[in-house]
Amino acid sequence: GENVEQHPSTLSVQEGDSAVIKCTYSDSASNYFPWYKQELGKRPQLIIDIRSNVGEKKDQRIAVTLNKTAKHFSLHITETQPEDSAVYFCAARRDDKIIFGKGTRLHILP
Amino acid sequence: GAGVSQTPSNKVTEKGKYVELRCDPISGHTALYWYRQSLGQGPEFLIYFQGTGAADDSGLPNDRFFAVRPEGSVSTLKIQRTERGDSAVYLCASSLGPNTDTQYFGPGTRLTVL
């Protein structure tokens, strides 16, 4: 089955700098890759997603890139702000099953 | 409109007891998913319903876990003979239909087995 690896597990960046979180997946048939943000005690919220027929997608300060050949995808957050502090999960979907990574705890330092 | 809701928000039970967790998906969403999230981990897939039927239950850890969705809307996750290792947040999500991309999560039920 699908296996999703996510790195790093913890990331601290200075406010205003960029943050990058990387994920790899194992099943080449996976075709949809969402990213979720989860604040403490809250539900996961979808922040951006990308389909396998697209290499890059951007939404304001957030962008995601996908390399199907290498089976890896990344989340980029620019001009980080305090409210970006949270746990971020990447995921990969094949058919209707979504497999999540273990998460990255992002700390934005003042 | 209303999002996915789950009840109860918290459940504390004793080892060996039976528990039921309820999920109300977004109205009109035919696909419903259950996940389990342990501390410091990502959501772990348990089971997926399309309509009333369980299309994929490969994530259920053992036969103590069972889920139903008799009318294709509300779903109940049932855990028999609970064990301390079952303690986790149980998340429900729904999406518009099969192979529809966005899954919307509920707030979860925090289950604690003493």
Side-chain angles (χ1 to χ4, degrees), chain A residues 1-11 21-25 27 29-54 57 59 64 66 73 75 86-106, chain B residues 2-7 9-10 21 23-26 29-51 53-61 69 88-110 112:
Chain A
E2 176 64 277
N3 182 49
V4 177
E5 299 283 343
Q6 183 170 348
H7 302 279
S9 57
T10 305
L11 177 62
I21 301 170
K22 300 182 178 183
C23 290
T24 61
Y25 62 100
D27 190 342
S30 290
N31 58 7
Y32 172 67
F33 306 90
W35 286 86
Y36 284 84
K37 175 183 180 182
Q38 188 174 32
E39 297 177 3
L40 189 63
K42 301 287 182 64
R43 72 189 77 188
Q45 298 270 16
L46 179 73
I47 56 171
I48 196 168
D49 55 14
I50 191 167
R51 294 171 182 76
S52 58
N53 59 348
V54 175
K57 182 176 178 180
D59 182 4
V64 58
L66 171 65
F73 55 115
L75 177 72
V87 178
Y88 291 81
F89 293 99
C90 63
R93 187 191 76 186
R94 176 184 176 166
D95 299 327
D96 280 286
K97 182 186 293 186
I98 291 185
I99 304 299
F100 286 80
K102 292 189 175 182
T104 296
R105 183 172 297 279
L106 176 62
Chain B
V4 178
S5 62
Q6 293 184 245
T7 54
S9 56
N10 279 283
L21 311 179
C23 172
D24 276 273
I26 293 173
H29 281 196
T30 63
L32 185 146
Y33 311 80
W34 283 99
Y35 295 87
R36 178 169 69 176
Q37 187 173 26
S38 300
L39 195 63
Q41 302 292 316
E44 172 194 5
F45 171 82
L46 296 178
I47 187 170
Y48 154 61
F49 286 90
Q50 177 50 43
D56 186 342
D57 65 357
S58 61
L60 294 178
R69 195 186 185 198
V89 175
Y90 289 81
L91 293 164
C92 175
S94 70
S95 67
L96 199 55
N99 290 315
T100 303
D101 296 335
T102 304
Q103 292 187 11
Y104 298 89
F105 280 87
T109 293
R110 181 175 297 278
T112 303

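Per chain, numbering begins at 1; letters A, B, ... match sequence-line order.
Interface summary for chain A: among B/G59, B/G106, B/G108, the most heavy-atom pairs under 4.5 angstrom belong to B/G106. Here A/F100 is the residue among A/Y36, A/F100, A/F89 with the most heavy-atom pairs under 4.5 Å with chain B. Note on B/Q41, B/E44, B/Q50, B/R110: by heavy-atom pairs under 4.5 Å with chain A, the leading option is B/Q41. Interface check for chain B: of the options A/Q45, A/R43, A/R93, the most heavy-atom pairs under 4.5 Å are formed by A/R43.
Annotation: A/Y32, atom OH; neighbour count of heavy atoms from other residues, nucleotides and ligands within 6.0 Å is above 12.
Interface residue A/L46: only side-chain heavy atoms are found under 4.5 Å from chain B. For A/P44, the parts lying under 4.5 angstrom from a heavy atom of chain B are both the backbone and the side chain. Within the 4.5 angstrom heavy-atom criterion, atoms from both the backbone and the side chain of B/F105 approach chain A. The contact between B/Y35 and chain A is made entirely by side chain atoms (from C-beta outward), counting heavy-atom distances below 4.5 Å. Of the two parts of A/R105, neither the backbone nor the side chain holds a non-hydrogen atom closer than 4.5 Å to a non-hydrogen atom of chain B. Of the atoms belonging to A/Q6, not a single heavy atom falls under 4.5 Å from chain B. Both the backbone and the side chain of A/K102 come within less than 4.5 Å of a heavy atom of chain B.
Rounding to the nearest 0.5 angstrom, the gap separating the CD1 atom in B/I47 from the NZ atom in A/K97 is 11.0 Å.
Minimum interatomic distance between A/I98 and B/Q103 (heavy atoms only, all atoms of both residues): CD1-NE2, 3.4 Å.
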